[in-house]
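For reference, the structure discussed in these notes is given below.
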Amino acid sequence: MNRVRFAPSPTGFFHVGSARTSLFNWLFARHTGGTFVLRIEDTDAERNREEWKAGIISAMAWLGLDYDEGPFYQSDLLAEHTAAAEALLGAGHLYACDCTREAIDARIATNAKPGYDGFCRDRGVERAPGVALRFRVPDEGVTVVDDVIRGAITFPHDAYEDFIVVKGNGVVLYPLANAVDDRSMNISHIIRGEDLLPTTPKQIMMWHALNECAGVTPVNLPRYAHLPLLVNESRKKLSKRKDPVSVEQYRNDGFLPEAIVSYLSLLGWSPRGDEEIISREALVEQFRLEDVSDSPAFFDLKKMTHVNGEFVRALSPEEFLEAAAPWVTPWASNWRPDDRVVPWSEDDFDDELWRQVAPLVQTRVATMGEIPDMIAFFFVEPALDDVAFAKVLRADPLGRVMLASAIERLAEVAWTVDDLHAAILETGDALGWKLRQAQAPVRLAVTGALVGPPLFESLVILGRDVVLARLGSALTAALS
Ligand code: GLU
């Protein structure tokens, strides 16, 4: 049975690259009926933080990437790593090295081959604090990485120095710890980012050496699949620091997990048709590791935002209300986005009104985070946008005429979408204006801005009194 693992190091916020790796492992496990293991590689105490560990777990839960085993913490497995190191040392795969960095650097200048020169290989250095353990890389031959996505990749051993696997302070390093855990967890497929490919031969060497110590014929090697890099618009590797790529941030901004899953699945993989939008069920059904491409994939936030909008529109009215709740009624929600202040208070808010408004905004927003600014005018008196006010009502005398005429017409028109539409159209017509131009002063006065939800529907919901009062105060402000 297939067993895969996602093995993140908690050294920062959970970013889209990690989410994509996690997703592809999950999809592979679900498609093949295998087991998905979560192992958090938290042995680098200096670079790990509790909040980042928690971030991995909550982001995966949010994205619906459930695991069958774990979370395991690598820091709980140190005894196994140390035991493996001792066994490898006993079998001669490791040797102790007391060279200082300075001594190594001094020799590198005159060495034929770069890197550590194997100085301590046969010196019989005693174990002591400060003495590291290095792996004896076979002098000759090659390690072949049999990659599902990239085919066989050959790494000649002479490109590898005898690398350190246990530091002088006793800390077991990644190439050994990772291989020991993958072995003991019976991992059958290692699916991870292409950036880790150069370390893979080291892990394969470890795996062979561990097999030999355990008397296992080397038939249990995992298969590898190195996923293509994610790049930004300048085709550079996506950077945690420079690109805004944390999954937490997207959650705060009001992306839907299903949209992120759909979008990320297409970064390096394509479904049979060329759908832009794909459901989780279809993904599980169609995902094949063999179909993952080896060329870099462009992470395009604009595209992901567009895809999110499509998912927002596909929600049922009830689902939309539920998804929007943390941004609209944060006080009543278990989870709420950080650093966001809703422009109304609990007292200003009116649930009945929101239920009427919701269908209007569902067609217009790409993310939930856009909702509050768009609908604030339903609950609180809007401040008029300065630039729009100067342009539409101050600089243009016709804007004021339009407002004055609209006040007269709207005082008596029947209060329906169609009648309001006809009234504004006719009022504008008298000034030689098209509907769009005629709507602008009215929209600005009532909503505070020149863009927003459909105007006539909004006027109907707000009611005649509120609309007339706002038109009146905007006109007064424009005339003063
Ligand atoms: N913990 C390492 C990382 O996050 C290794 C991951 C792996 O082997 O999949 O880079």
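Whatever order the structure lists them in is the order used to number ligands and atoms, beginning at 1.
Heavy-atom contacts from other residues, nucleotides or ligands closer than 6.0 Å to CZ of Phe349 number more than 12. Heavy atoms from other residues, nucleotides or ligands lying under 6.0 Å from CD of Glu275 number more than 12. No more than 12 heavy-atom neighbours from other residues, nucleotides or ligands sit within 6.0 angstrom of CD on Glu126.
Checked by distance only, ligand 1 and Ala7 come closer than 3.5 Å through their nitrogen or oxygen atoms.
Contact annotation: Tyr174 has at least one heavy atom less than 4.0 Å from an atom of ligand 1. Within the 4.0 Å heavy-atom shell around ligand 1 one does not find Gln203.
Against a heavy-atom cut-off of under 4.0 Å, Glu41 is close to the following atoms of ligand 1: 1 (N), 2 (C), 5 (C). Atoms of ligand 1 found under 4.0 Å from any heavy atom of Arg192 (numbered from 1 in listed order, with element): 7 (C), 8 (O), 9 (O). Residue-ligand proximity, Arg5 to ligand 1, at heavy-atom distances under 4.0 Å covers atoms 7 (C), 8 (O), 9 (O).
By the criterion of a heavy-atom distance under 4.0 Å, the side chain of Asn178, and not its backbone, is placed next to ligand 1.
In this structure, of Thr199, Leu196, Ile187, the residue bringing a heavy atom nearest to atom 10 (O) of ligand 1 is Leu196.
By the 4.0 Å N-to-carboxylate-O rule, Glu318 lies close enough to Arg355 to be salt-bridged with it. At a threshold of 4.0 Å, the pair Glu69-Arg5 does not count as salt-bridged, since none of the basic side-chain nitrogens sits closer than that to a carboxylate oxygen. A salt bridge links Asp66 with Arg30: the closest approach of a Lys/Arg side-chain nitrogen to an acidic carboxylate oxygen falls below 4.0 angstrom.
For atom 3 (C) of ligand 1, the closest non-hydrogen atom on the protein side is Ser9 OG, 3.5 Å.
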